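Worksheet for the structure shown next.
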There are 2 protein chains.
Amino acid sequence: MPRILIVEDEEAMLIGLRDNLEFEGYEVDTANRGDDGFKKLQSGSYDLVLLDVMLPGMSGFDVCKKTRAEDNDTPIILLTARGEELDKVLGLELGADDYVTKPFSLRELLARIKVILRRTANVKQDDSPQRVTIGQLQVSFDDFEALHNDEPVKMSYKEFEILHYLYRHAGRIVSRDDILDQVWGMDYQPTARTVDNFIVRLRNKIDTEDSQHIVTVHGIGYKLVL
Amino acid sequence: MPRILIVEDEEAMLIGLRDNLEFEGYEVDTANRGDDGFKKLQSGSYDLVLLDVMLPGMSGFDVCKKTRAEDNDTPIILLTARGEELDKVLGLELGADDYVTKPFSLRELLARIKVILRRTANVKQDDSPQRVTIGQLQVSFDDFEALHNDEPVKMSYKEFEILHYLYRHAGRIVSRDDILDQVWGMDYQPTARTVDNFIVRLRNKIDTEDSQHIVTVHGIGYKLVL
DNA sequence: ACAAGTTGTCACAGAAATGTCACGGGAAGA
DNA sequence: TCTTCCCGTGACATTTCTGTGACAACTTGT
């Protein structure tokens, strides 16, 4: 099911949206500050974002612009209050995909979400697989391929899985247990030491002498910095 | 460079689109009435049309329908306003290839244009000779023929099928199960080992010592590299 | 600076996946 | 019926991947 991020500071609205979207079967994540939302967006792991304009930390407009500036194409629906600078939105310069004006009907919002998800689903099919840059590697998680200067780099399935997990949570700290649960599953789990070993292998392929992308957070876990 | 026709009555939008598309290197022609646009389309000399829905003279919907009725396959992207009968568009019954909802981001529109042009470019290529080069072989999937230095190489039906499947997904990884499902069908399926055997046979015919075209991706499947 | 706890690194062995081969059954054609 | 060609299988060799333990190097708090 598609993953949706809601960035909204008004508690009641946030909860209302979350519950309804979850009821519709979407996976929902939330943020109540603009800057937090932006960070979460950087992970690139959402299929769509509902973005309030008036936000503490960073305005929805800015989140939108900065996201696009990073070549992040995650579809964005802006939630604007009546009278807010609609011109900006309409002027196309922001890079948002759609917007709704508060107060809006839930059915209308849901319809728009569906339309956009459907549209992007099509685009994704046609488009070549997503390529992301991590350190000195160009990685495509879709077809398990990693390139360094257009030369393929060997990576095992587990290495891809771990890197993918780190990537989806880029910028955030993940514990060894998180990784074990996600990649190995709750049932069978090797030593926590095993994770370190994979980290070493990944580092050898990703990091260079002058740039560390997989950072150790002593006592807690690891963090992927893009 | 591809030729694009813009049919749009709103002056500002028309000019904005035209300038941007020209900047991207497209050849652009314009019309500001539905009936004019339709006439220009009849010449069949465009690679793509951006078609507004709300138009004087003839609606975009009608232009779309009549164009298709004339067996004219020029790709059409509809420019719809919010709230317009999206259902119709979505139902594809009109024969449009895609649509964007105003307000749309320019980057999105450009992306869609590229996708469609690429798609149709491929189709055109497919009409021409059906002989492809895979490794040291010249293969024609239509007449089940494989040549190596103009000498026919024996290949069984199943070998062709598997190679064809790999070829259609060239560059992407296909699992043994994918191959089994596609070539043998969901019902009867031999051992996964069987696939390996065919891979060996194909490799003997395709690969040379210095160039591997059928690559194994450990733990996942195989990938054909052209 | 020291001790205690964490993490980095390495080589190795068992496990799992793949490569390869030869053989038997079966279908199509002679 | 006999031959020939494909196909699928199983056994075995080979390659690749995983997980572990040992030890070095590093952090942290005292």
Side-chain angles (χ1 to χ4, degrees), chain A residues 135 144-146 152-166 173-209 211-225, chain B residues 144-146 152-166 173-209 212-225:
Chain A
F144 295 92
E145 194 178 49
V153 176
K154 270 201 173 183
M155 279 232 248
S156 79
Y157 184 66
K158 277 252 157 59
E159 288 173 336
F160 267 110
E161 281 196 294
I162 292 171
L163 183 56
H164 198 179
Y165 183 69
L166 286 174
I173 300 176
V174 296
S175 71
R176 288 178 177 66
D177 282 339
D178 289 339
I179 296 178
L180 285 171
D181 284 349
Q182 280 291 322
V183 176
W184 276 266
M186 307 291 194
D187 325 320
Y188 168 61
Q189 294 204 351
T191 325
R193 208 99 308 272
T194 301
V195 176
D196 297 353
N197 279 281
F198 276 94
I199 295 293
V200 172
R201 290 168 195 162
L202 284 176
R203 276 184 173 148
N204 286 334
K205 292 165 189 174
I206 291 173
D207 288 348
T208 60
E209 287 179 24
S211 74
Q212 278 260 109
H213 285 89
I214 300 182
V215 182
T216 305
V217 184
H218 197 95
I220 310 182
Y222 296 98
K223 182 168 75 165
L224 177 64
V225 183
Chain B
F144 294 92
E145 193 180 46
V153 176
K154 270 201 172 184
M155 279 233 251
S156 78
Y157 182 68
K158 277 250 156 58
E159 287 174 336
F160 267 111
E161 280 197 294
I162 292 173
L163 184 56
H164 197 180
Y165 183 68
L166 285 173
I173 297 179
V174 295
S175 71
R176 287 177 179 64
D177 282 340
D178 289 339
I179 296 177
L180 285 171
D181 284 349
Q182 280 290 323
V183 176
W184 276 266
M186 307 292 194
D187 326 320
Y188 168 60
Q189 293 204 352
T191 323
R193 209 99 308 272
T194 301
V195 177
D196 298 351
N197 280 280
F198 277 93
I199 294 293
V200 172
R201 291 169 195 161
L202 284 176
R203 276 184 172 147
N204 287 334
K205 292 166 187 173
I206 291 173
D207 287 348
T208 60
E209 286 180 25
Q212 278 257 110
H213 285 89
I214 300 182
V215 181
T216 93
V217 184
H218 197 99
I220 310 179
Y222 296 98
K223 182 167 75 166
L224 176 64
V225 182

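Reminder, nothing fancy here: chain letters follow the sequence lines and each chain counts from 1. A quick note: this is a predicted structure, and the numbers were derived from the prediction, not measured.
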From [atom1] of [X] over to [atom2] of [N], roughly how many Å is that when rounded to an integer?
X: B:Gln212; N: C:dT18; atom1: CD; atom2: P; result: 15 Å
X: A:Ile162; N: D:dT18; atom1: CD1; atom2: P; result: 8 Å
X: B:Phe198; N: C:dT20; atom1: CZ; atom2: C1'; result: 15 Å
X: A:Asp196; N: D:dT20; atom1: CG; atom2: P; result: 12 Å
X: A:Tyr157; N: C:dA17; atom1: OH; atom2: P; result: 12 Å
X: B:Lys158; N: D:dC5; atom1: NZ; atom2: C1'; result: 14 Å
X: B:Arg203; N: C:dC21; atom1: CZ; atom2: P; result: 13 Å
X: B:Lys205; N: D:dC6; atom1: NZ; atom2: C1'; result: 10 Å

Would you tell me if any nitrogen or oxygen in the side chain of [X] comes within less than 4.0 Å of OP1 or OP2 on [N]?
X: A:Thr216; N: C:dT7; answer: no
X: A:Tyr222; N: C:dT6; answer: no
X: B:Trp184; N: D:dG8; answer: yes
X: A:Thr194; N: D:dT18; answer: no
X: B:Arg176; N: C:dT18; answer: yes

If you look only at distance, which donor and acceptor atoms sit under 3.5 Å apart when one is on a side chain in residues 213-224 of chain B and the other is two or more places apart or in another chain?
{"unit_1": "B:Tyr222", "atom_1": "OH", "unit_2": "B:Arg176", "atom_2": "NH2", "d": "3.0"}
{"unit_1": "B:Tyr222", "atom_1": "OH", "unit_2": "B:Asp196", "atom_2": "OD1", "d": "2.8"}
{"unit_1": "B:Lys223", "atom_1": "NZ", "unit_2": "A:Glu145", "atom_2": "OE2", "d": "2.9"}

Are the side chain of B:Glu159 and the backbone N or O of B:Ser156 linked by a donor-acceptor pair below 3.5 Å?
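Yes, because the side chain of B:Glu159 sits within donor-acceptor range (under 3.5 Å) of the backbone of B:Ser156.
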
| said: Using modelled atom types and a 3.5 Å cut-off, is there a donor and acceptor pairing between side-chain atoms of B:Lys205 and backbone atoms of B:Lys154? | reply: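 Yes, B:Lys205 side chain to B:Lys154 backbone: donor-acceptor pair under 3.5 Å.
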
Does any N or O donor sit under 3.5 Å from an N or O acceptor when you compare the side chain of A:Arg201 with the base of D:dG19?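 Looking at the base of D:dG19, it does pair with a donor or acceptor on the side chain of A:Arg201 (distance under 3.5 Å).
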
Check whether the side chain of B:Asn197 and the base of D:dC7 form a donor-acceptor pair under 3.5 Å.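 No pair found.
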
* Asked: When all nucleic acid strands are considered with a 4.0 Å heavy-atom cut-off, which category describes A:Ile220: base, sugar-phosphate, or nothing?
  ->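 Counting heavy atoms under 4.0 Å across all strands, the contact made by A:Ile220 is with sugar-phosphate only.
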
When all nucleic acid strands are considered with a 4.0 Å heavy-atom cut-off, which category describes A:Ser156: base, sugar-phosphate, or nothing?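 A:Ser156: backbone/sugar contact only, no base atoms under 4.0 Å.
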
Exercise. If you find the nucleotide of DNA chain C closest to A:Val217 and the one closest to B:Arg193, which residue's nucleotide is nearer the 5' end?
Worked result: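 On the 5' side of the pair lies A:Val217.
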
| task | Tell me which nucleotide among D:dT18, D:dT16, C:dG8 gets nearest to the side chain of B:His218. | result |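 Closest of the options to the side chain of B:His218: D:dT16.
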
Test of understanding: with side chain to side chain contact (heavy atoms under 4.5 Å, CB included), list the residues that count as partners of B:Thr194, not counting sequence neighbours.
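Applying side chain to side chain contact (heavy atoms under 4.5 Å, CB included) to B:Thr194 gives B:Trp184, B:Pro190, B:Thr191, B:Phe198.
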
*B:Phe144, CZ: over 12 other non-hydrogen atoms inside 6.0 angstrom*: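 Yes, the 6.0 Å shell around CZ holds more than 12 heavy atoms from other groups.
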
